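Shown next, in structure tokens, is the structure this report addresses.
The figures that follow rest on heavy atoms only: side chains count, while hydrogens, waters and symmetry mates do not. From a predicted model like this one, the values you see are computed outputs, not experimental measurements.
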Amino acid sequence: MKPGSRRSRDIVAAVCLAIGAVFGLSGTMVSHAPLRQAFWAIDGVGLVVASALLTMKYLRSGNDCVAAGFLVFAIGESLLVSGTAAGLAGSVPSFGGGVALWAVALLLTSIPREFALWVRLVGGVASLLFAVVAARIFWGEQLLPTASPLPFFAYPFLVMTLVGWIWALVRGEGVASSRMGAEQPNPALHPSAPPSQRGN
């Protein structure tokens, strides 16, 4: 993929992550059900698009664990979107399945050293909190998506993780370019290089 195409993909992914963070958090703050559902629908679509792009990005770079994390995140977000229109009570089953996959996805993206340590730590905390939420729902508790203290206080950790991913995308192009440059073979040392490029 050309550098310009990679940069465009990263920008689109970063914008979609930002949309997900803003509308997702806003949806938890509003009490008007149709507005909340609209906010969460926009949030969900943005995060699915971003996760799909990031899956391809990290799959191409050879980081299979992080790529798998974003793939699982997209699947989990799709489950959440599928139940959004049903309202808070009606969405509990799909919400439970979605946050269970969120927990796994956040763990998969936080284990490798791809992101900064603070991003991985925040992602790990979010993973643990959402795992608790999922366990309570699957144990039979009717835990609404806006319930406090959980999952309400788990969302800020997710948003901070999204911000960390955006930060990595914004600054990552230069890092990626330097890595690519470092990985290019030196023609002077390559055995198949023409004599004129091998030096004396």
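- Qualifying side-chain hydrogen bond (donor to acceptor under 3.5 Å, both in side chains) partners for Trp102, counting only residues two or more places apart in sequence or in other chains: Glu77.
- No continuous path of ILVMFWY side-chain contacts below 4.5 Å connects Val48 to Met56, so the two sit in separate hydrophobic clusters.
- Leu101 and Val159 fall into different hydrophobic clusters, where Ile, Leu, Val, Met, Phe, Trp and Tyr side chains are chained together by heavy-atom contacts under 4.5 Å.
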Before giving the answer on side-chain contact (heavy atoms from CB on, under 4.5 Å), spell out for Arg120 and Arg113 the whole-Å C-alpha distance, their side-chain angles and the decisive distance to 0.1 Å.
-> CA-CA 8 Å; Arg120 294 162 55 210; Arg113 297 181 179 179; 3.7 Å; yes
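- Residues Leu106 and Tyr58 fall within the same hydrophobic cluster, defined by Ile, Leu, Val, Met, Phe, Trp and Tyr side chains chained together at heavy-atom separations under 4.5 Å.
- Residue Leu79 holds its CG atom at 10.5 Å from OG1 of Thr84, rounded to the nearest 0.5 Å.
- Transitive grouping of hydrophobic side chains (ILVMFWY, heavy atoms separated by less than 4.5 Å) brings Leu17 and Tyr155 into a common cluster.
- Nearest heavy atom pair, residue Ala50 against residue Ala13, reads CB-O, 3.6 Å.
- The main-chain N or O of Leu71 is found under 3.5 Å from a side-chain atom of Thr55 such that the two form a donor-acceptor pair.
- Considering only heavy atoms from C-beta on, Pro112 comes within 4.5 Å of Asn63 through its side chain.
- Nearest approach of Arg7 to Val170, heavy atoms of both residues: NH1-O, 3.7 Å.
- As a member of the Ile/Leu/Val/Met/Phe/Trp/Tyr network built from side-chain separations under 4.5 Å, Leu107 groups with Ile111.
- Shortest non-hydrogen contact noted between Gly83 and Ser91 is O-CB, 3.0 Å.
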Please output the side-chain donor-acceptor pairs of residues 126-142 that fall under 3.5 Å, not counting sequence neighbours, one pair per line with the distance.
from   : atom 1 : to     : atom 2 : distance (Å)
Ser127 : OG     : Ala103 : O      : 2.6
Arg136 : NE     : Glu141 : OE1    : 3.0
Arg136 : NH2    : Glu141 : OE2    : 2.7
Gln142 : NE2    : Ala89  : O      : 3.4

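- Distance check, rounded to the nearest 0.5 Å: CZ of Phe70 to CH2 of Trp165 gives 4.5 Å.
- Scanning both residues, Pro145 and Leu88, for their nearest heavy atoms gives CD-O, 3.7 Å.
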Carefully, step by step, assess Leu144 and Val92 under the rule side-chain contact (heavy atoms from CB on, under 4.5 Å).
-> CA-CA 6 Å; Leu144 299 181; Val92 170; 3.9 Å; yes
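- For Asp64, the side-chain hydrogen bond (donor to acceptor under 3.5 Å, both in side chains) test picks out no residue, with sequence neighbours left out.
- Val49 approaches Cys16 most closely through the heavy-atom pair CG1-SG, 3.7 Å.
- Both Val119 and Leu162 are members of a single hydrophobic cluster when ILVMFWY side chains are connected at heavy-atom separations under 4.5 Å.
- Note that the CG atom of Leu53 and the CZ atom of Arg6 stand 14.5 Å from one another [nearest 0.5 Å].
- Every residue was checked against the ring-ring contact (aromatic ring centres under 6.0 Å, His included) condition with Phe95, not counting sequence neighbours, and none meets it.
- Taking all atoms of both residues into account, the shortest heavy-atom contact from Phe115 to Ala168 is CD2-CB, 3.7 Å.
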Using residues 31-47 as the side-chain source, report each donor-acceptor pair under 3.5 Å to any protein atom, sequence neighbours left out, with the distance given to one decimal.
from  : atom 1 : to    : atom 2 : distance (Å)
Arg36 : NH1    : Val30 : O      : 3.4
Trp40 : NE1    : Gly24 : O      : 3.1

side-chain contact (heavy atoms from CB on, under 4.5 Å) between Met160 and Val125, intermediate numbers included | CA-CA 11 Å; Met160 284 190 286; Val125 172; over 6 Å; no
